[in-house]
Each structure stands twice: as structure tokens, then as C-alpha cells.
2 protein chains.
Amino acid sequence: MSLKYAVLAALLEGEASGYELSKVFDVSLANFWPATPQQLYRELERLAQDGLIEARVVQQERRPNKRLFTLTETGRRELSAFAAEPPRRPAALRDEFLIKIQAMDGVDPEVTRALFEERLSWARGKLARYERVRDRFLDGRTEERYLAEVDRIGPYLTLLGGIALETETVRWCERALAILKRRAPLS
Amino acid sequence: MSLKYAVLAALLEGEASGYELSKVFDVSLANFWPATPQQLYRELERLAQDGLIEARVVQQERRPNKRLFTLTETGRRELSAFAAEPPRRPAALRDEFLIKIQAMDGVDPEVTRALFEERLSWARGKLARYERVRDRFLDGRTEERYLAEVDRIGPYLTLLGGIALETETVRWCERALAILKRRAPLS
DNA sequence: TCTCCATAGTCAATTTGTTGAGTAGGTGTG
DNA sequence: CACACCTACTCAACAAATTGACTATGGAGA
């Protein structure tokens, strides 16, 4: 149900093909609404049929043709209506890693430490990418100036959310590693 | 695929019925692997058939009978094997709220502010509950003593993860609200 | 030249997840 | 004494998500 609006929201950035969207959902929106290419193609089909988006085919020379999708006025209105409603369901985190941690006490501590290490470097990488996106947004300006000049602040706020999340993940991993280290000599 | 291990991990706490598990998945594990009662009953059926858990029926006087499930040795081993593997898929956050924020710029700022306010108080509530769970874990001891005395630290680490997440959510909401406030007079 | 990767998708099958209703006795509140 | 809510599930139907394979072409690097 929400994928629909995630797609509409992604199209606020402008016209895009299914393929392009699948890239976007892989990096930026992956942060809060993951979707595979297949889901996107299906959803785009549906949205086009419902008149919330419009497709136009672009002939290409040395590549397969593509269909570019744009928001219609109806789509824009439906999206705004959705955005003004309180969420139906709370945020859901699905994290395999946490299941493993929950069950870690039957496992070699060294292996667990390695898992945390991996997660940590992954979070650091993601954080670095977010920070780069932020720099692109700001483009040399202070946050205050940026917020005053730009007309869409939504994407910036969600980006801050992503940064906050990964920052905290890094801290949590570090703390967990410290705890594991203190515990190691005892076993 | 992971629900299986989430259930097994939940049973590390000891024997439980489907109904009891559905409570657990509603509060504690809801943090990282949400599941509805129906999913749990289906999964328990499967796990019992695969010999990873064992059921025994408890006759009850003035309540419906219940089936209590316990981990078998096989189940325990499979869970440990799973916990030692690196995660197949990265953590996925699914948050309707963030879609709304991404698309907030077509919406009355006052409405958006109210959404953030709601989210903030929700996060504060969750945080408070986590802190209470932490106090129950520690039971008056310092963290250091607790970690030295207890044998399963996995649940404590995941709890710290939950606390970290909600703490950061609170901070993020506060920051976003400050930004919205600064911006309000301009519109 | 061979192979891999990127573009731009489609199709089908299967697994997960969600929703709603039904059963049935017990307990607590006004 | 009615009514709602708690325990403890089961069944059926549907919607959403995942996986893997398949089609085509072009460009880059070994």
C-alpha cells in the first residue's frame, strides 16, 4: 500500500524510468522503503493505469527504449493527501543481524566480534555516503542558508534521519565491541 | 526465512505458547523482527514438523488448553549455526512516516509539525519502556556487574540497540521540529 | 575476441505477510 | 446483568515481496 506513495514521492524529483527508479530505491530510498526492481515495474504499471503517473516512451539509439514516468496532477494531489494523514502503521525495522545477536550466546565470541566489526564498517560506509549527499545538497552553503533558499526540505529531513540512524548504529557497534572485549578474557 | 530463527531465538528464553510468543513479538522482538500471531502459529507448526522445536499440550482448567513449545537440541544447533553466519541481507527499515516527510512540501507545515510531534511522543514512550526493561535486567546492579554475572548478554545488546535507535529518533524529531519552527514565519 | 557489466526491462513461481472472521470459556467493570 | 476484554488459538483469502530466469544490445577491459 505504501510502495505506491514511495514511488510517487520518488517522482517528485522529476521524470524517471523504472530502471532509474530501481537505482534510486537501491541507494537513497532504500533507507526507508526498500523495493526490488520487479516491485517497481509492477507498481508503475498500476499507477499509470490509475492515472497517477503518465508514461512516455523515449526511443533510444544504441540502448533499449525506455518509458519515462511523470507525476500527474491527480498523482500529486493523492500524494499530498497521503502525506497529511497520520501513519497507519509504526515504523518497522527488520534486521537479521539483531536476531543473530539475540542468539549470540551459543556462538564463539570471536565470530560474533567479527560480525559486529563487519556491521560497523558497513554503517561507516553508509554514513560516509550520506554525508556526501548532504554536501551535494548544501553545496557550500550553511544549513541555515540552504533551508532558507531551497523549496523542498522534505528530502533533507529524511536524509538527516538516515544520518542519525547510521551514526547511532556506529556508536552502538562500538559500545558492543567494547563490551565483548571486556568479556573475552573471562571465557 | 528469518522468522524461523527469530522464533527459535525467542524460545531461548524458555518454553512458550504461541499466544505468549505473540505478546513477545509485539513488544520486545517487535523492535527488530515484527510478526503477527498468524505468522507465528504457522511458523511454530513448521518448526515442530521439522523437529526444531517440541510441543507439549498443557490442559488447563478454566482456560483453553495451550501448546507449549521448547527448543530441541537440533533447533539449538541450527540457531547457533545461523547466528555464526554473516547476515544475508542488510537491515531494512520500512517507515511510512519517512515517505510522508519526503513528500511534506506539498502539505500545510502545521500538519507536518503535528505528525512530527506525534512521532516524537511515540518514540519517547518506547524509550521509556525500553529503559524499564533495562532496569529489570540490571536489577540494581551496575552494567559491569550485570555483564559479569549473567550468561546471556545477547538480549542486553539488542536492547541497547533499541534504546540507541529510539534515543536517536527523539533527537532527530526535535531537530526537525526546530527546523520547521524556524521556517514557519517565512511562509 | 571473449567475457563481463550496464541498460531496460518481462514473466512465472514461491514465500511471506496481512486482514478478518470464527470458536469458546473466563474475568473484570459499571 | 450486560458488555467488553483476555486467553488461546484456527481457518481462509488476499496482498505484497522475493527469487530466478530470460530477452536484447552495447561498451569496456583482459
Side-chain angles (χ1 to χ4, degrees), chain A residues 1-8 10 15-27 29-30 32-50 53 55-69 87-96 99, chain B residues 1-8 10 15-27 29-30 32-50 53 55-69 87-96 99:
Chain A
M1 199 75 287
S2 296
L3 177 57
K4 168 175 168 181
Y5 299 104
V7 170
L8 294 178
E15 211 178 32
S17 70
Y19 190 74
E20 283 157 7
L21 281 181
S22 79
K23 301 291 153 196
V24 171
F25 270 77
D26 217 41
V27 284
L29 268 96
F32 55 87
W33 207 271
T36 60
Q38 285 69 13
Q39 280 176 273
L40 293 176
Y41 287 119
R42 228 185 316 168
E43 198 61 41
L44 286 168
E45 213 52 61
R46 234 175 304 183
L47 291 172
Q49 267 180 7
D50 296 353
I53 61 178
R56 75 188 172 94
V57 176
V58 174
Q59 303 288 344
Q60 291 189 121
E61 288 287 294
R62 29 199 92 254
R63 326 213 129 267
N65 296 339
K66 58 179 172 181
R67 297 168 71 204
L68 288 180
F69 298 92
R88 291 161 174 273
R89 69 187 72 241
L93 178 65
R94 272 215 160 75
D95 195 345
E96 227 181 71
I99 300 177
Chain B
M1 200 76 285
S2 296
L3 177 56
K4 170 176 167 180
Y5 299 103
V7 170
L8 294 178
E15 210 179 31
S17 70
Y19 189 74
E20 282 156 7
L21 281 180
S22 79
K23 300 293 153 194
V24 172
F25 271 76
D26 217 41
V27 285
L29 270 99
F32 56 87
W33 208 273
T36 60
Q38 285 69 14
Q39 279 176 273
L40 294 176
Y41 286 119
R42 231 191 311 180
E43 199 61 42
L44 287 168
E45 213 52 61
R46 235 174 305 182
L47 291 172
Q49 266 178 8
D50 296 352
I53 60 178
R56 75 188 172 94
V57 176
V58 174
Q59 304 288 343
Q60 292 189 120
E61 286 287 294
R62 32 199 88 251
R63 327 210 129 267
N65 297 340
K66 58 181 172 181
R67 296 169 71 204
L68 288 181
F69 298 92
R88 292 160 173 272
R89 68 188 73 241
L93 179 64
R94 272 217 159 72
D95 195 347
E96 227 182 70
I99 302 177

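To find a chain, count down the sequence lines: A is the first, B the second, and so on, and within it residues start at 1.
When atom types are taken as modelled, the side chain of B/Glu45 and the backbone of B/Arg42 share no donor-acceptor pair closer than 3.5 angstrom.
Rounding to the nearest 0.5 angstrom, the gap separating the CG atom in B/Leu47 from the OH atom in B/Tyr5 is 9.5 Å. Distance check, rounded to the nearest 0.5 Å: OG of A/Ser2 to CZ of A/Arg89 gives 6.5 Å. Note that the CZ atom of A/Phe25 and the OG1 atom of A/Thr36 stand 10.5 Å from one another [nearest 0.5 Å].
As rounded to whole Å, 14 Å separates atom P of C/dG17 from atom CG of B/Leu44. Distance A/Tyr41 OH to C/dA12 C1': 17 Å, rounded to the nearest Å. Going from atom CZ of B/Arg56 over to atom P of D/dA8 covers 13 Å, rounded to whole Å. Following rounding to the nearest Å, A/Glu45 (CD) and C/dT10 (P) show an atom-to-atom distance of 7 Å. Distance, B/Asn65 CG to D/dT10 P: 11 Å, rounded to whole Å. The CG-P distance, from A/Leu21 to C/dT7, rounds to 14 Å in whole Å.
Of the side-chain N and O atoms in A/Ser22, none sit less than 4.0 angstrom from OP1 or OP2 of C/dA8.
Considering A/Gln39, A/Glu43, A/Arg46 as possible partners of A/Val7, the one that fulfils the side chain to side chain contact (heavy atoms under 4.5 Å, CB included) test is A/Glu43.
The side chain to side chain contact (heavy atoms under 4.5 Å, CB included) search around A/Gln49 returns none, not counting sequence neighbours. With sequence neighbours excluded, no residue satisfies ring pair (Phe, Tyr, Trp, His ring centres under 6.0 Å) with A/Tyr41. Under the side chain to side chain contact (heavy atoms under 4.5 Å, CB included) criterion, A/Arg88 pairs with B/Glu96, sequence neighbours left out.
Scanning all heavy atoms of the two residues, the minimum distance from A/Ala10 to A/Leu21 falls at CB-CD2, 3.8 Å.
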As a quick check of understanding, evaluate side chain to side chain contact (heavy atoms under 4.5 Å, CB included) for A/Leu40 and A/Leu3, giving each step before the final call. CA-CA 8 Å; A/Leu40 293 176; A/Leu3 177 57; 4.3 Å; yes
May I have the step-by-step check of side chain to side chain contact (heavy atoms under 4.5 Å, CB included) for B/Glu15 and B/Phe69, ending in yes or no? CA-CA 5 Å; B/Glu15 210 179 31; B/Phe69 298 92; over 6 Å; no
I'd like a list of close polar pairs between nucleotides 5-7 of chain D and the protein, N/O only, cut-off under 3.5 Å.
from: D/dT7; atom 1: OP2; to: B/Tyr19; atom 2: OH; distance (Å): 2.9
from: D/dT7; atom 1: O4'; to: B/Arg63; atom 2: NH1; distance (Å): 3.4

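Helix-axis bend for the helix from C/dT1-D/dA30 to C/dG30-D/dC1: the local axis fitted to the five terminal pairs at one end deviates from that at the other end by 40°, rounded to 10°.
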Summary of protein contacts for nucleotides 11-20 of chain D, nucleotide by nucleotide, where a base hit scores B, a sugar-phosphate-only hit scores S (4.0 Å, heavy atoms): B----SBBBB
